[in-house]
There are 2 protein chains.
Amino acid sequence: MSLSPKALEAAHLIDRLDRLARAGEQEGRLNPVQWEALRYLARANRFSRKPAALADYLVSTRGTVSRTLASLEGKGYVARKPDARDRRSVDFALTRKGSKTLTRDPLLVLARNIEQATGGDATGLLDELRQTLRNAIARNQGRAFGACHTCRHFRAHVRRLTRTPHHCSLLDEPLSEADSRAICAEQEPTPA
Amino acid sequence: MSLSPKALEAAHLIDRLDRLARAGEQEGRLNPVQWEALRYLARANRFSRKPAALADYLVSTRGTVSRTLASLEGKGYVARKPDARDRRSVDFALTRKGSKTLTRDPLLVLARNIEQATGGDATGLLDELRQTLRNAIARNQGRAFGACHTCRHFRAHVRRLTRTPHHCSLLDEPLSEADSRAICAEQEPTPA
DNA sequence: GGACATGGTTGCTAGTCGAAATTAAGCCTT
DNA sequence: AAGGCTTAATTTCGACTAGCAACCATGTCC
């Protein structure tokens with residue numbers, strides 16, 4: 001294998017950093033998956049805050065996610081709400097406590113470290129990581145779970161001067177600015 | 001908090017990448033900790049291949065590590081050997097099968113992705129990650145587990161023309177070139 | 001209306017973790 | 001050399017988590 005030692009060491013460092021970040025997670029008795037669930041709920045749009053979508057996102061099973069959410073619900077980090085349109089379905093959302101807890105997200109600590117390390121300009125690092133992720137996703141043919149506005153179904157500015165100027169042509173739903181920056185379970189990258 | 005969005009996104013990407021890498025770990029029935037144990041044993045010097053050191057490295061407990069190693073031993077990836085000097089202690093080492101398995105390390109896949117993303121020159125990425133790790137370790141006051149030759153106890157080239165030219169002033173042990181590049185549980189960075 | 005698909009929960013089993021108790025060995029002081 | 005303290009590793013125990021598969025309720029399609 002013609003793998004440069006540098007790339008290998010970079011991979012090693014990424015793993016190590018992530019593990020360090022996760023090590024601090026004993027904090028509020030949250031395990032890594034539970035943190036990820038919180039993060040997901042914080043960033044997902046209102047059509048994607050469902051167990052099934054989260055299961056896809058986590059590459060896990062529905063059963064497991066069901067219990068994860070139940071656990072988080074029990075600790076008061078998330079709350080469930082029935083879906084008005086489909087009575088099989090439920091919506092989850094962060095509670096105030098959940099949002100507050102997220103500010104102690106170990107990933108934030110990592111981010112602060114990066115901030116320091118790069119002297120505030122993480123542009124180069126960011127570009128490379130992004131490209132790396134792109135490769136990784138392509139190889140795994142995993143779902144992207146990208147931002148709404150990068151999706152092929154995103155229609156920008158179809159309703160001017162409203163609070164929901166954008167539109168999703170897949171779900172046929174009006175979208176706010178905030179919506180357009182959220183993670184969407186349905187997101188498919190616009191073909192290059 | 002004055003945290004740049006870029007640093008935050010970089011942290012997010014690091015986590016995402018690591019999770020992707022770990023996702024492939026179902027492979028040979030090895031869980032993440034077990035992979036890390038294998039990696040550790042591959043890179044640790046011969047004084048550090050002990051359960052206690054591994055426990056520190058993993059920021060875990062000895063009990064857990066004991067079971068992890070027992071499991072790996074059961075599957076034939078590692079073998080134990082009593083320590084001649086201290087009969088309480090045991091040394092672990094990769095078996096041939098363990099070494100072979102490591103070539104399928106999911107981190108290698110990540111490394112290949114980085115290789116692609118950076119066009120082979122991961123120098124900048126590497127520097128930033130390294131600096132980040134340094135910060136993180138400083139904050140966590142965790143042990144460094146750095147390479148032997150970066151240690152304050154490392155004495156280079158004290159025995160010329162031998163197979164063990166270097167020396168560890170802490171353990172008072174001769175060191176080969178290979179030793180000097182291995183991970184050491186006792187490593188303390190040379191003060192800047 | 002009946003077959004089938006979909007969203008979610010629950011019973012079961014297996015595996016993991018951390019804390020504490022346990023065993024064995026080394027070290028040190030007298 | 002005897003007792004007390006420390007250290008290395010393992011084991012036991014209890015709590016949790018994961019995945020699978022069976023299950024229920026609801027929605028959809030012919």
Side-chain angles (χ1 to χ4, degrees), chain A residues 19 22-38 41 44 46-75 77-93 171 185-186, chain B residues 19 22-37 40-41 44 46-75 77-93 171 185-186:
Chain A
R19 220 161 42 62
R22 287 160 187 268
E25 289 177 0
Q26 325 286 10
E27 201 58 34
R29 292 305 99 121
L30 290 184
N31 72 26
V33 173
Q34 291 173 334
W35 276 112
E36 293 184 47
L38 290 189
L41 288 179
R46 63 184 184 282
F47 315 111
S48 307
R49 286 179 223 148
K50 300 178 174 306
L54 180 55
D56 286 350
Y57 180 69
L58 296 177
V59 196
S60 178
T61 65
R62 297 177 182 208
T64 299
V65 165
S66 175
R67 264 183 269 254
T68 298
L69 287 171
S71 166
L72 287 173
E73 190 184 17
K75 296 180 202 157
Y77 293 116
V78 305
R80 83 175 58 210
K81 201 185 54 161
D83 180 326
R85 305 185 188 191
D86 184 338
R87 274 184 302 170
R88 291 170 304 178
S89 189
V90 278
D91 281 311
F92 280 88
L171 305 174
E186 310 294 346
Chain B
R19 216 159 47 62
R22 288 160 187 269
E25 289 178 0
Q26 324 286 10
E27 202 57 33
R29 290 305 100 121
L30 291 183
N31 72 25
V33 174
Q34 291 173 335
W35 276 111
E36 293 183 43
Y40 177 83
L41 289 178
R46 63 182 181 282
F47 315 110
S48 307
R49 286 183 272 228
K50 298 177 178 309
L54 179 56
D56 287 350
Y57 180 70
L58 296 177
V59 196
S60 177
T61 66
R62 294 175 185 213
T64 300
V65 164
S66 177
R67 269 176 301 213
T68 298
L69 288 171
S71 165
L72 287 173
E73 190 184 18
K75 296 180 203 158
Y77 293 116
V78 306
R80 81 174 59 210
K81 201 184 55 165
D83 180 326
R85 306 185 186 188
D86 185 339
R87 272 182 304 167
R88 292 170 303 178
S89 189
V90 277
D91 281 312
F92 279 88
L171 305 173
E186 310 292 346

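Protein chains get the first letters and strands the later ones, always in sequence-line order, with residue 1 at the start of each. The basis for the numbers below is simple: all heavy atoms, side chains too, and nothing from hydrogens, waters or symmetry mates.
Within 4.0 Å (heavy atoms only), S60(A) reaches sugar-phosphate atoms of the nucleic acid but no base atom. As judged by a 4.0 angstrom heavy-atom cut-off over every strand, V90(A) is placed among residues touching the sugar-phosphate backbone only.
The nearest whole Å value for the distance from the CG atom in N31(A) to the C1' atom in dG15(C) is 14 Å. The CH2 atom of W35(B) sits 19 Å away from the C1' atom of dT16(C) (whole-angstrom rounding). Between L54(A) atom CG and dG7(C) atom P there is a gap of 14 Å when expressed in whole angstrom units. In this structure, CZ of F47(B) is placed 18 Å from C1' of dA8(D), rounded to the nearest angstrom. Look at CG on L30(B): it is 20 Å from P on dA14(C), rounded to the nearest Å. When rounded to the nearest whole Å, the span between CZ of R62(B) and P of dT22(C) equals 18 Å. L69(A) places its CG atom 11 Å from the P atom of dA18(D), with the value rounded to the nearest Å. When rounded to the nearest whole Å, the span between CD of E73(B) and C1' of dA9(D) equals 13 Å.
A salt bridge links R88(B) with D86(B): the closest approach of a Lys/Arg side-chain nitrogen to an acidic carboxylate oxygen falls below 4.0 angstrom. Checked for salt-bridge contact, D91(A) and R80(A) miss the test: no charged N lies under 4.0 Å from a carboxylate O.
Test L58(B), L54(B), L72(B) against V33(B) for side-chain contact (heavy atoms from CB on, under 4.5 Å) and you get one pass: L58(B). The only option from D83(B), D56(B), L69(B) that meets the side-chain contact (heavy atoms from CB on, under 4.5 Å) definition with K50(B) turns out to be D83(B).
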What side-chain donor-acceptor pairs closer than 3.5 Å can you find for residues 60-67 of chain B, not counting sequence neighbours?
from	atom 1	to	atom 2	distance (Å)
T61(B)	OG1	T64(B)	N	3.3
T61(B)	OG1	T64(B)	OG1	2.9

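Checking dA8(D), dC17(C), dT9(C) against the side-chain heavy atoms of V33(B) singles out dC17(C) as nearest.
Contact between L41(A) and F92(A) at its shortest, heavy atoms only, is CD2-O, 3.9 Å. What you find for Q34(B) and L30(B) is that their closest heavy atoms are OE1-CA, 3.3 Å.
The phosphate of dA8(D) has neither OP1 nor OP2 within less than 4.0 Å of any side-chain N or O from S66(B). One finds a side-chain N or O of Q34(B) lying less than 4.0 angstrom from the OP1 or OP2 phosphate oxygen of dT16(C).
For R49(A) (side chain) and A44(A) (main-chain N/O), a donor-acceptor pair under 3.5 Å exists by modelled atom type. Judged by distance alone, the side chain of Y40(B) and the main-chain N or O of S48(B) form a donor-acceptor pair under 3.5 Å.
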Which atoms of nucleotides 26-30 of chain D (N or O only) lie under 3.5 Å from a protein N or O atom, and what are those distances?
from	atom 1	to	atom 2	distance (Å)
dT26(D)	O2	R88(A)	NH1	3.3
dG27(D)	OP1	R87(A)	N	3.0

Please produce a list of atom pairs where a protein N or O lies less than 3.5 Å from an N or O of nucleotides 20-22 of chain D.
none

